[in-house]
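Counting starts at 1 for both ligands and their atoms, following the listed order. The analysis underlying the following values was restricted to heavy atoms, covering all of them including side chains, and did not include hydrogens, waters or symmetry mates.
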Amino acid sequence: MYPNMRLRRLRLNENMRELVSETSIGISHMVMPVFIDESLSDKRKIESMSGIYQHSLNSAEAYAAHLKELGIKWVLLFGIPKIKDAEGSEAYNEDGIIQRAVPIFRERGIGVITDLCMCEYTSHGHCGILKGNYVDNDFTVNTYGRIAVSQAQSGADIIAPSGMMDGQVKKIREYLDKSGFENVPVMAYSAKYSSSLYGPFREAAKSAPSFGDRRTYQMNPANGREAMREITMDVEEGADMIMIKPALFYLDIIRQARERFDHPLVAYSVSGEYQMLKNAIDRKFLNESVIEESTLSIFRAGADIVISYFTEHMAEERKKRSD
Ligand code: PBG
Ligand code: ZN
């Protein structure tokens with residue numbers, strides 16, 4: 001009790017504050033998302049995400065070298081194919097865009113997580129194969145299995161299915177195992193909400209659905225307990241890591257998952273979270289320190305790994321400080 005207790009004593013100076021700091025951000029626990037577009041011959045600015053680019057296979061080489069130089073250890077790759085069809089068949093083309101992009105990063109010593117979904121590959125922009133206007137679950141998960149194998153063949157270190165189909169982890173695990181990829185881990189987008197915060201991404205990945213929305217497969221933002229059911233299911237199907245997405249509006253879900261599960265817990269701070277903060281910083285409504293604060297909050301809530309579009313910037317800042 002005051003006056004023998006004074007909490008301000010441990011805030012007296014920077015060294016003292018760091019000594020008692022409970023959470024820290026390590027770049028080795030962060031992942032930078034990268035978009036590779038087969039239609040491009042050079043990198044191109046993404047209108048909806050300031051400071052983020054779509055890369056061509058060519059420009060990806062210099063970019064990979066740059067990320068390596070910054071000390072970034074992991075990327076999450078999204079491929080945008082030139083040709084889209086109703087079955088998203090470019091997604092498992094062994095010479096497809098993501099399959100060709102993987103080695104560019106791997107060869108430079110960067111770990112590669114491949115996003116496994118079909119919305120960038122289908123002409124209708126849905127995350128699977130349609131039967132009428134409904135995304136057919138069981139047909140889709142078999143196709144996911146096929147895509148997983150082709151991504152693993154190209155050298156992907158981790159496969160990250162994001163389509164929110166039931167049984168996707170089980171099918172992918174089966175396909176990987178029977179093709180000799182029993183050591184390739186699955187990072188499951190377990191609790192992925194149907195969120196407005198994906199808006200900027202859909203321009204970047206050219207993946208907006210041409211009709212309807214994703215609410216028959218992505219989660220209702222009103223539900224927390226259901227997220228625990230989704231995670232339980234993925235864990236039982238053999239997921240090596242589990243993910244909550246988005247992050248900042250869903251910190252309660254991250255905390256609950258941390259308390260209930262012992263798997264490495266991933267949080268994806270999505271395009272809308274990035275762009276909200278970026279706009280406010282660029283227009284000087286918020287100080288740049290909000291980047292550290294928001295990322296710290298996600299780790300403090302319980303995430304072990306954070307996927308963020310600020311990863312590159314944060315690595316740059318750390319490099320400047322250490323030079
Ligand atoms: C595709 C996918 C999406 C994101 C990652 N993978 C978007 C969606 O479901 O429409 C969102 C990422 C972001 O907004 O940064 N299944
Ligand atoms: Zn999708």
Over 60° means perpendicular and under 30° means parallel, so classify the ring planes of [Y] and [X], tilted if in between.
X: Y193; Y: Y250; value: parallel
X: Y268; Y: F78; value: tilted
X: Y53; Y: H55; value: tilted

Pull out every atom of ligand 1 sitting under 4.0 Å from any heavy atom of [X], numbered as shown with elements.
X: Y268; answer: 12 (C), 15 (O)
X: C119; answer: 1 (C), 16 (N)
X: D115; answer: 6 (N)
X: C117; answer: 16 (N)

- Task: Report yes or no: does a heavy atom of G163 sit under 4.0 Å from some atom of ligand 1?
- Result: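 Outside the 4.0 Å threshold, so no.
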
- Query: Under a 4.0 Å heavy-atom limit, does S162 contact ligand 1 with its side chain, its backbone, both, or neither?
  - Reply: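 Looking at S162 and ligand 1, atoms from backbone and side chain both fall under 4.0 Å.
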
- Message: Applying a heavy-atom cut-off of 4.0 Å, say which part of Y274 lies close to ligand 1: side chain, backbone, both or neither.
- Response: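 The answer is neither.
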
Run the salt-bridge test on [X] and [Y] with the 4.0 Å N-O cut-off and return the result as yes or no.
X: K171; Y: D138; answer: no
X: R173; Y: D234; answer: no
X: E316; Y: K320; answer: no

- Item | Proximity winner for atom 10 (O) of ligand 1, if only heavy atoms of E273, R202, K245 are counted |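 Among E273, R202, K245, the closest heavy atom to atom 10 (O) of ligand 1 belongs to R202.
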
- Item | Option whose closest heavy atom lies nearest to atom 8 (C) of ligand 1, chosen from Q275, E120, R214, M164 |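 Nearest option to atom 8 (C) of ligand 1, by heavy atoms: R214.
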
Do me a favour and list the nearest non-hydrogen protein atom to [atom] with residue, atom name and distance?
atom: atom 12 (C) of ligand 1; result: F201 CD1, 3.3 Å
atom: atom 16 (N) of ligand 1; result: K192 NZ, 2.8 Å
atom: atom 14 (O) of ligand 1; result: S271 OG, 2.7 Å
atom: atom 15 (O) of ligand 1; result: Y309 OH, 2.6 Å
atom: atom 9 (O) of ligand 1; result: Q218 NE2, 2.7 Å

- Would you find more than 12 non-hydrogen atoms of other residues, nucleotides or ligands less than 6.0 Å from R17 atom CZ?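 Enclosed.
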
- Message: Between C119 and the Zn ion (ligand 2), is there a contact where an N/O/S atom of the residue lies under 2.8 Å from the metal?
- Response: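 Short answer: yes, at least one N, O or S atom is under the cut-off.
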
- So, for Y175 and F181, is the gap between ring centers shorter than 6.0 Å?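 No, the ring centres sit 6.0 Å or more apart.
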
- Give the minimum heavy-atom separation between L277 and S294, together with the two atoms involved.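 Shortest heavy-atom separation between L277 and S294 comes out as CD1-OG, 3.6 Å.
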
- Item | Main-chain N/O of P81 paired with E38 side-chain donor or acceptor, under 3.5 Å |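 No: the side chain of E38 does not pair with the backbone of P81.
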
